[in-house]
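Presented below is the structure to which this report refers.
Ligands are counted one by one from 1 in listed order, and the atoms in each one are counted from 1 as well. Here the structure is a predicted model, which is why all the values come from computation and not from measurement.
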Amino acid sequence: MVKLKFRYNDVMEFIEKDQIRLFDSEFSLHHKNLYSGKGKGSDFTGWVDLPSKTGNDLLSRIEEDARKIAEQSQVVVVTGIGGSYLGARAVIEALSGPFDGLLEQPEKKSPLVLYAGHHMDEDYQFHLMQLLDQKDYSVIVISKSGTTTEPAIAFRLLKSHLEGKYGDEEASSRVYAITDASKGALKKLADEKNYATYVIPDDVGGRYSVLTPVGLLPIAAAGISIRKLIEGAQNMEKFLKEKSELSENPAGLYAVLRNILYQKGKTIEILAGYNPSLHYFIEWWKQLYGESEGKEGKGIFPAGVGFTTDLHSMGQYIQDGLRNLFETVINIEAPRNKVEVPHDPDNLDGLNYLKEKRISYVNAMASKATMLAHVDGGVPNMEIVLPEINEETLGEMVYFFEMGCALSGYILDVNPFDQPGVEAYKKNMFALLEKPGFEKESEAIKKRLR
Ligand code: PA5
């Protein structure tokens, strides 16, 4: 039985119950097509049965490399962008303490995970290299195409730094490349330098790749159980496959409800969390849904907020602004650690009414209160409830959102597995940078900028 619960009572005052039933047969068709590889973009549906196909050999090899990284390194630099970065960071940050890098934890064997290649900020890169001068480190470099500019620049710097610090041979033993089986510059480099290499399956696109080595190696290197993560995803995979009726399939209901709301002019979905550790999970979700659905002049715009922090910044707009919003809220039933509000004999702050209450209780009340207020303010709310944030529930939630996204894209009648729009800026950027092969575009773009 899966642990994730999907609730949508607070949407029902915005739609008719019959509207959901109208999608029964469409859902069945898309559900069937996803498993039989007959829908749009079916070359990229390898993620559908990926959890159940993940074998012990792969997991053992990843665990072995994670152990080697931990033995050799205080820091591991995960180098990638978009789908080659966000999934790993989502899981690692959800399960790490916020001050792990600063705490003295002699019992902790795993290295601190840092990130590179997810932007082109020169100052960031400078500070990273400054830190790496002082730390023993390894690098996990991830790029399916093997040609993406941001990670390629970052890796060029890291490779040169590693070789300078450790010499060529040891430097090579500290690099793990995750890329295409046969093509791209990273594959060529990995072969030449004899890096340990993992393959990203051909039929799994970047934003659906967190449960491949793309996510699994960094997650294992961070000391997190990839077996439990995969187990959670397997449970959700099995559950959603068996539920071929829309009324029983939570990912299907999520997909259908967001499309009904979209048709009613709710064009922005806000994914809200009440735990800062979910910040990067929300970032991962934004990419998954934005890149999968925003095309052909269509698609719900995925936004994210972290409550209660953002209730003090975005709360006003959500409560009272343009009514084109709906929210999906991730609520966690129990924290992994216990902190209570202490009794204070002076009670100058008037908080004794909360004495000995858990902080999580106050947080949960804030969540319930906000949900009611937002629904009253015209913002439909859906809810994802997890008993706790752990490897298993995160595995479930990753798969739930992947399946929800694919089904939602099919209902919207787009290919949820391509991303033609991301090439437009790259062409201009390469022209401006005078990349060989872009001479004609270079002339044209310079005229536009004059
Ligand atoms: O989901 C996607 O396809 C993208 O976000 C890619 O993952 C991202 O652009 C990085 O691409 P690559 O892995 O080829 O470097």
Atom 12 (P) of ligand 1: the protein heavy-atom neighbour that sits closest, reported with distance to 0.1 Å: T148 OG1, 3.3 Å
Protein heavy-atom partner closest to atom 2 (C) of ligand 1 - residue, atom, separation in Å: E291 OE1, 3.1 Å
Parallel, tilted or perpendicular: ring planes of H30 versus Y410, cut at 30 and 60 degrees: tilted
Residue, atom name and distance, where the atom is the protein heavy atom closest to atom 7 (O) of ligand 1: G83 N, 3.0 Å
Donor-acceptor pair between H374 and E327 side chains, under 3.5 angstrom: yes
Aromatic Y195 / basic R174 pairing, under 6.0 angstrom, 45° off normal: no
Nearest protein heavy atom with distance in Å, relative to atom 10 (C) of ligand 1: I81 O, 3.3 Å
4.5 Å side-chain heavy-atom contact, F44 and D418: no
Residue Q287 vicinity, atoms of ligand 1 by number, heavy atom under 4.0 Å: 1 (O), 2 (C), 4 (C), 5 (O)
Numbering as shown, the atoms of ligand 1 that approach S145 to under 4.0 Å (heavy-atom distance): 12 (P), 14 (O), 15 (O)
N or O contact, I142 vs ligand 1, cut-off under 3.5 Å: no
Student check: side-chain heavy atoms of T179 and V199 closer than 4.5 Å: no
Atom indices of ligand 1 within 4.0 angstrom of S143 heavy atoms, with elements: 12 (P), 13 (O), 14 (O), 15 (O)
Spacing of I411 atom CD1 and Q263 atom CD [to the nearest 0.5 Å]: 9.0 Å
Lys NZ or Arg CZ of R258 over Y262 ring: under 6.0 Å, within 45°: no
G82: numbered ligand 1 atoms lying under 4.0 Å from its heavy atoms: 5 (O)
Distance filter under 4.0 Å to Q419 heavy atoms, resulting ligand 1 atoms: 3 (O)
Those atoms of ligand 1 less than 4.0 Å from some heavy atom in R207: 1 (O), 2 (C)
Polar side-chain atom of K144 near backbone of P201 as donor-acceptor pair, under 3.5 Å: yes
